[in-house]
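Below is one structure, written out as structure tokens; comments come after it.
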Amino acid sequence: MIRAGVIGHPVSHSLSPRIHNRWFEETEIDGRYEAIDARPEDFVEAVRRAAGDGFVALNVTIPHKEKALEIADEASPSARAIGAANLLVFRDGKIFAENTDWCGFAEAVEREGGSLAGDTAVVLGAGGAAAGILYALQDFENVLLANRTRARAEALAGRFPNVTVVDWEKKLELGATESGLFVNTTSLGMAGYPTLGMILGDPGPAMVVDIVYAPMETKLIRAARKAGKPVANGLSMLVWQAVPSFEAFAGIPPKRPAATLADLEAELS
Ligand code: ATR
């Protein structure tokens, strides 16, 4: 039996076990995908225990993604460039770090007809999710990045040469700036947080992505839909990052990932 899972803290809300266990069933692979809750101080020990217990891989979620990269014996170029891993594969007594988050973002954009190259893209937020998204936007000429804490945006801009930092106070102007993509990676708009308060002006973005998916339709996404723009949210990013993750431990791709996404979307909206 293939054992895999997701490690995080907290992790009980994670949709990954449902996604991967459904895919094990659909592909008729004898596998089990579990959620492992580990506090930061217990993370390394919990990873070692999982490897010792026969897990072939672990997805990694908040707050362990940077630590996961640190403890790996080897890392993919994307995990290194992003500075975080959301997948650890155990092979030959070694830990390999991968990042499939940026693939999830890229796939979510392309599936909705968006483009990952062009003149300008806009990204709000410079937290954990932003680096993977900036990695996926390297073929844009210019990525305008705004974050409440400017120093975090500056740090990211130092790592990605096409990124220009814009004042957080100027974020409203970014909603009217002509861009190929507008991406919210902040927590704003999430249940329990203030809304982003963004107005999409003219000409504005060709496509809008909001990494938030609780609620499924943020004000930003609703405004974009109303303006007839293609959109993607954090749920589609989650499902599309799960595809290469599943392939890494199951050896074959899932059968109907788009149906999984549609079902989750219907259930959660
Ligand atoms: P994650 O790892 O999930 O990205 P994070 O690192 O805490 O979480 O990042 C959350 C993002 O939302 C950050 O860009 C954060 O801005 P700061 O870097 O200034 O903290 C942003 N964010 C959270 N609450 C915010 C608020 N009330 N106003 C503006 N930005 C906010």
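Predicted model, so just to flag it, every value in this text is computed and none were measured.
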Self-check item: From CA spacing to verdict: side chain to side chain contact (heavy atoms under 4.5 Å, CB included), Ser236, Asn233
Solution: CA-CA 6 Å; Ser236 58; Asn233 67 12; 3.8 Å; yes
Practice problem: Return the minimal non-hydrogen interatomic distance between Ile211 and Thr185, and the atom names on each side. | Solution: CD1-O, 3.5 Å
Self-check item: Any donor-acceptor pair under 3.5 Å from Lys219 side chain to Thr195 backbone
Solution: no
Exercise. Tell me whether Ile36 is reachable from Met1 by hopping between hydrophobic residues (I, L, V, M, F, W, Y) whose side-chain heavy atoms are closer than 4.5 Å.
Key: no
Quiz item: What do the steps show when you test Val209 against Asn184 for side chain to side chain contact (heavy atoms under 4.5 Å, CB included), and what is the final call?
Solution: CA-CA 6 Å; Val209 182; Asn184 174 45; over 6 Å; no
Quiz item: With the 4.5 Å side-chain cut-off for hydrophobic clustering, are Leu87 and Ile71 part of the same group?
Solution: no
Exercise. Using a strict 4.0 Å threshold on nitrogen-to-oxygen distance, state whether Arg32 and Glu34 make a salt bridge.
Key: yes
Quiz item: Are the side chain of Asp263 and the backbone N or O of Glu267 linked by a donor-acceptor pair below 3.5 Å?
Solution: no
Quiz item: Trp168 ring centre to Arg150 NZ or CZ under 6.0 Å, with the angle to the axis within 45°?
Solution: no
Quiz item: Salt bridge between Lys255 and Glu25, side-chain N to carboxylate O under 4.0 Å?
Solution: no
Self-check item: ILVMFWY network linking Val47 to Phe55, side-chain heavy atoms under 4.5 angstrom
Solution: yes
Quiz prompt | Pairwise distance CD1(Ile7) to NZ(Lys67) - rounded to 0.5 angstrom | solution = 12.5 Å
Self-check item: Gap between atom OH of Tyr213 and atom CD of Glu265 - 0.5 Å precision
Solution: 12.0 Å
Quiz item: Going by distance alone, is a donor N or O of one side chain under 3.5 Å from an acceptor N or O of the other, for Tyr135 and Asp101?
Solution: no
Self-check item: Salt bridge flag under 4.0 Å for residues Glu217 and Arg222
Solution: yes
Exercise. Please answer: with hydrophobic residues joined when any side-chain heavy atoms are less than 4.5 Å apart, are Leu174 and Val208 in the same cluster?
Key: yes
Quiz prompt | Any Ser14 side-chain heavy atom under 4.5 Å of Thr61 side chain | solution = no
Quiz item: CG of Asp119: more than 12 outside heavy atoms within 6.0 angstrom?
Solution: no
Quiz item: Are Leu188 and Leu124 grouped together when hydrophobic residues (ILVMFWY) are joined by side-chain heavy atoms under 4.5 angstrom apart?
Solution: yes
Quiz item: Which heavy atom of Ala131 sits nearest a heavy atom of Ile82, and at what distance?
Solution: CB-O, 3.6 Å
Practice problem: Please assess Phe96 against Asp73 for the test side chain to side chain contact (heavy atoms under 4.5 Å, CB included), listing each intermediate value before the final yes or no. | Solution: CA-CA 6 Å; Phe96 296 85; Asp73 299 296; over 6 Å; no
Quiz item: Around atom CD of Glu28, are there more than 12 heavy atoms of other residues, nucleotides or ligands at under 6.0 Å?
Solution: no
Self-check item: Contact summary for Ala153 and Leu145, nearest pair of heavy atoms
Solution: O-CD2, 3.7 Å
Quiz prompt | Any side-chain donor near an acceptor of the partner, Asp210 and Thr218, under 3.5 Å | solution = yes
Quiz item: With no hydrogens and no angle check, do the side chains of Thr177 and Ser179 hold a donor and an acceptor under 3.5 Å apart?
Solution: no
Practice problem: Please examine the side chains of Phe182 and Leu220, heavy atoms only from C-beta on, and report whether any two atoms are closer than 4.5 Å. | Solution: yes
Quiz item: Would you say the side chains of Thr120 and Asn142 form a donor-acceptor pair under 3.5 Å?
Solution: no
Quiz item: Is the closest side-chain heavy-atom distance between Val6 and Leu58 below 4.5 Å?
Solution: no
Exercise. Find out whether Val56 and Phe90 are in side-chain contact, i.e. whether some heavy atom of one side chain is under 4.5 Å from a heavy atom of the other.
Key: no
Quiz prompt | From CH2 (Trp240) to CD (Glu110), nearest 0.5 Å | solution = 11.5 Å
Exercise. Please step through side chain to side chain contact (heavy atoms under 4.5 Å, CB included) for the pair Thr186 and Tyr193, ending with a clear verdict.
Key: CA-CA 10 Å; Thr186 74; Tyr193 283 82; over 6 Å; no
Quiz item: Closest approach of Ala157 and Val165, non-hydrogen atoms and distance?
Solution: CB-CG2, 3.7 Å
Exercise. Indicate the atoms forming the closest heavy-atom contact of Ser115 with Leu181, along with that distance.
Key: O-CD1, 3.7 Å
Quiz item: Salt-bridged, Arg48 to Glu45, with N to O below 4.0 Å?
Solution: no
Practice problem: Return yes if some donor-acceptor pair links the side-chain N/O of Asn21 with the main-chain N/O of Pro17 below 3.5 Å, else return no. | Solution: yes
Self-check item: Val183 side chain near Phe105 side chain, heavy-atom distance below 4.5 Å
Solution: yes
Quiz item: If you measure only the distance, is there a donor-acceptor pair under 3.5 Å linking the side chains of Gln241 and Asn86?
Solution: yes
Quiz item: Quick one: are Val143 and Val122 in side-chain contact, heavy atoms under 4.5 Å?
Solution: no
Practice problem: Give a yes or no on whether Ile62 atom CD1 has more than 12 heavy-atom contacts from other residues, nucleotides or ligands under 6.0 Å away. | Solution: no
Quiz item: Among side-chain atoms of Ser12 and Asp37, is any donor-acceptor pair under 3.5 angstrom?
Solution: no
Quiz item: Between atom CG of Asn59 and atom NZ of Lys65, what is the distance when rounded to the nearest 0.5 Å?
Solution: 9.0 Å
Quiz item: Taking the side chain as C-beta and beyond, is there a heavy-atom pair between Phe43 and Val60 under 4.5 Å?
Solution: yes
Quiz item: Got a donor-acceptor contact below 3.5 angstrom from the Thr149 side chain to the Arg152 backbone?
Solution: no
Quiz item: Do the side-chain N and O atoms of Asn99 and Ser78 include a donor-acceptor pair separated by under 3.5 angstrom?
Solution: no
Quiz prompt | Beyond-backbone contact of Leu238 with Ile19, side-chain heavy atoms, under 4.5 angstrom | solution = yes
Quiz item: Between atom CZ of Arg159 and atom CD of Glu154, what is the distance when rounded to the nearest 0.5 Å?
Solution: 14.0 Å
Quiz item: Can you name the nearest heavy-atom pair linking Ala75 to Leu69, along with the distance?
Solution: CB-CD1, 3.5 Å
Practice problem: State the NE2-CZ distance between His20 and Phe246, to the nearest 0.5 angstrom. | Solution: 8.0 Å
Quiz item: Which class fits the ring pair Phe24 and Phe249: parallel under 30°, tilted 30 to 60°, perpendicular over 60°?
Solution: tilted
